[in-house]
Student: 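Got a structure for you, questions after.
Just so it is clear: chains get the letters A, B, ... in the order the sequence lines come, proteins before strands, and each one is counted from 1.
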2 protein chains.
Amino acid sequence: MLHLPDRCRAVGGVLSRIGDKWSVLVVMQLSGGPKRFSALKRSIGSVSQRMLTLTLRGLERDGLVLRTVTPTVPPRVDYELTELGHSLRQPVEALGGWAMENYRRIEAAQKAFDEVREEGGG
Amino acid sequence: MLHLPDRCRAVGGVLSRIGDKWSVLVVMQLSGGPKRFSALKRSIGSVSQRMLTLTLRGLERDGLVLRTVTPTVPPRVDYELTELGHSLRQPVEALGGWAMENYRRIEAAQKAFDEVREEGGG
DNA sequence: CTGCATCCTAGGGGATACTG
DNA sequence: CAGTATCCCCTAGGATGCAG
């Protein structure tokens, strides 16, 4: 096993790209196959059009998502994961699994922390 | 395998907490055992004192880091991962592994994307 | 339908100075 | 040494309107 500092920087780089508000959601939504812009927007729901566009551009630029334009009227644009995009699913889902298993513990810790703070502060 | 939407939200929540600029770095730095504030700051290097403090508070609140104050003069504060904090290492390192394996591919994709953009735009 | 440009606000995060 | 408070900048990101 290589020592950690290298991985740290690598993780830092990855997180600064996919650690934004929407990238991971989009990748997950594209797990099942291609989706067009509006379908993607609907399936995520709370994302603004602007941010979905920007997020998809970013993912496309990173080579994680492939954008296919069908120049009809009205235009149709499909997005799908590249092989690289699919390979990201595994570690992301590992993180998702961890989150699922532990978010209750985290919430409990936050609650406890905040209560102690209140007592100490008030 | 459970379907994805649940995991999506969980990942979203986790990423919004540890997806900031420093949390993961701090967790990785604490992998080897307890460290005091200044050692942590030195080992990360580029972090500001303010952000290190805020990051550690956040991690402590989430129950990922334990803070131990030794009220000497000058004061000494040690930070260490909790069990929960240690459990986060595994998925994070998985992500780190992915990043290590693929960041060159990502950089290449970005370069290609940008060059096409230049041609198209100029 | 898809995407860009614009405006605008909240918050992240750096530098610095001060406290205990 | 560790932490807080202040100032300030910059970017993420929402709302909206226009264009292909």
Side-chain angles (χ1 to χ4, degrees), chain A residues 12-27 29-30 34-62 65-80 113 116-117 120-122, chain B residues 12-27 29-30 34-62 65-80 113-114 116-118 120-122:
Chain A
V14 170
L15 283 182
S16 66
R17 290 233 51 71
I18 69 165
D20 63 78
K21 203 171 175 182
W22 304 111
S23 291
V24 167
L25 276 308
V26 170
V27 169
Q29 291 298 330
L30 290 176
K35 273 192 181 180
R36 48 191 303 187
F37 185 90
S38 51
L40 214 39
K41 180 159 180 1
R42 250 176 293 121
S43 69
I44 296 180
S46 49
V47 69
S48 66
Q49 187 192 39
R50 169 190 152 82
M51 286 318 297
L52 182 54
T53 301
L54 288 179
T55 301
L56 286 165
R57 280 297 162 287
L59 293 173
E60 189 193 359
R61 191 173 102 99
D62 293 341
V65 159
L66 184 65
R67 177 170 177 265
T68 308
V69 181
T70 309
T72 55
V73 178
R76 171 197 179 100
V77 183
D78 287 273
Y79 293 91
E80 64 188 306
F113 183 91
V116 171
R117 282 278 150 153
Chain B
V14 170
L15 282 181
S16 66
R17 289 234 53 71
I18 69 166
D20 64 78
K21 203 171 176 182
W22 303 112
S23 291
V24 167
L25 275 308
V26 169
V27 170
Q29 291 300 330
L30 290 177
K35 274 192 179 182
R36 47 193 303 189
F37 186 90
S38 52
L40 213 40
K41 182 160 178 0
R42 250 176 292 120
S43 69
I44 296 181
S46 49
V47 70
S48 67
Q49 190 191 36
R50 167 190 151 83
M51 285 319 297
L52 183 54
T53 301
L54 288 180
T55 300
L56 286 166
R57 280 297 163 287
L59 293 173
E60 189 193 0
R61 191 173 103 99
D62 293 341
V65 159
L66 184 64
R67 177 171 178 265
T68 309
V69 182
T70 310
T72 55
V73 177
R76 172 197 179 101
V77 182
D78 287 273
Y79 293 90
E80 64 187 306
F113 184 90
D114 292 345
V116 171
R117 282 279 150 150
E118 265 181 47

Student: So, does B/Ser38 get its side chain near the phosphate of D/dA2, meaning an N or O under 4.0 Å from OP1 or OP2?
Tutor: yes
Student: On DNA chain C, nearest-nucleotide positions of B/Trp22 versus A/Pro74: which is more 5'?
Tutor: A/Pro74
Student: Going through the checks in order, is the side-chain contact (heavy atoms from CB on, under 4.5 Å) test met by B/Ile18 and B/Val27?
Tutor: CA-CA 9 Å; B/Ile18 69 166; B/Val27 170; over 6 Å; no
Student: I need the NZ-P distance between B/Lys41 and C/dA15, as an integer number of Å.
Tutor: 9 Å
Student: Mapping B/Leu56 and A/Asp20 to their closest nucleotides on DNA chain D, which lands nearer the 5' end?
Tutor: B/Leu56
Student: Rounded to whole angstroms, how far apart are CG on A/Leu52 and P on D/dA15?
Tutor: 14 Å
Student: Please check the phosphate of D/dG3 (OP1 and OP2 only) for any side-chain N or O of B/Arg67 closer than 4.0 Å.
Tutor: yes
Student: Compare side-chain N and O positions of B/Arg36 against OP1 and OP2 of D/dA2 and report whether any pair is under 4.0 Å apart.
Tutor: yes
Student: Side-chain contact test, heavy atoms from C-beta onward, threshold under 4.5 Å: evaluate it for B/Lys21 versus B/Met51 and give yes or no.
Tutor: no
Student: First locate atom NZ of A/Lys35, then atom CZ of A/Arg42, and finally report the distance between them rounded to the nearest 0.5 Å.
Tutor: 9.0 Å
Student: Could you tell me whether the phosphate oxygens of C/dC4, OP1 or OP2, come under 4.0 Å of any side-chain nitrogen or oxygen in A/Arg57?
Tutor: yes
Student: Just the rounded figure in Å: distance from C1' of D/dG3 to CG of B/Leu40.
Tutor: 14 Å
Student: CG/A/Leu15 to CG/B/Leu25 distance, rounded to the nearest 0.5 angstrom?
Tutor: 9.0 Å
Student: For B/Arg76 and D/dA2, what is the distance between atoms CZ and C1' respectively, to the nearest whole Å?
Tutor: 12 Å
Student: Check the distance between D/dA12's P and B/Leu15's CG and give it to me in whole angstrom.
Tutor: 16 Å
Student: Could you check which of D/dG14, D/dG3, C/dC4 has an atom nearest any side-chain atom of A/Gln49?
Tutor: C/dC4
Student: Closer than 4.0 Å, any side-chain N/O of A/Tyr79 to the OP1 or OP2 of C/dG3?
Tutor: yes
Student: Do you know which of A/Thr55, A/Val77, A/Leu56 makes side chain to side chain contact (heavy atoms under 4.5 Å, CB included) with A/Leu40?
Tutor: A/Leu56
Student: Tell me which of A/Arg50 and A/Val69 sits closer to the 5' end of DNA chain C, going by the nucleotide each one is nearest to.
Tutor: A/Val69
Student: Would you mind reading off the distance between A/Asp78 atom CG and C/dC1 atom P, rounded to a whole angstrom?
Tutor: 14 Å
Student: So which nucleotide from C/dG3, C/dC1, D/dA2 ends up closest to the side chain of A/Pro75?
Tutor: C/dC1
Student: Quickly work out the B/Phe37 CZ to D/dT4 C1' distance and round it to whole Å.
Tutor: 11 Å
Student: Rounded to whole Å, please give me the gap between NZ in B/Lys35 and C1' in D/dC1.
Tutor: 17 Å
Student: Just N and O in the side chain of A/Lys21: are any of them under 4.0 Å from OP1 or OP2 of D/dG14?
Tutor: yes
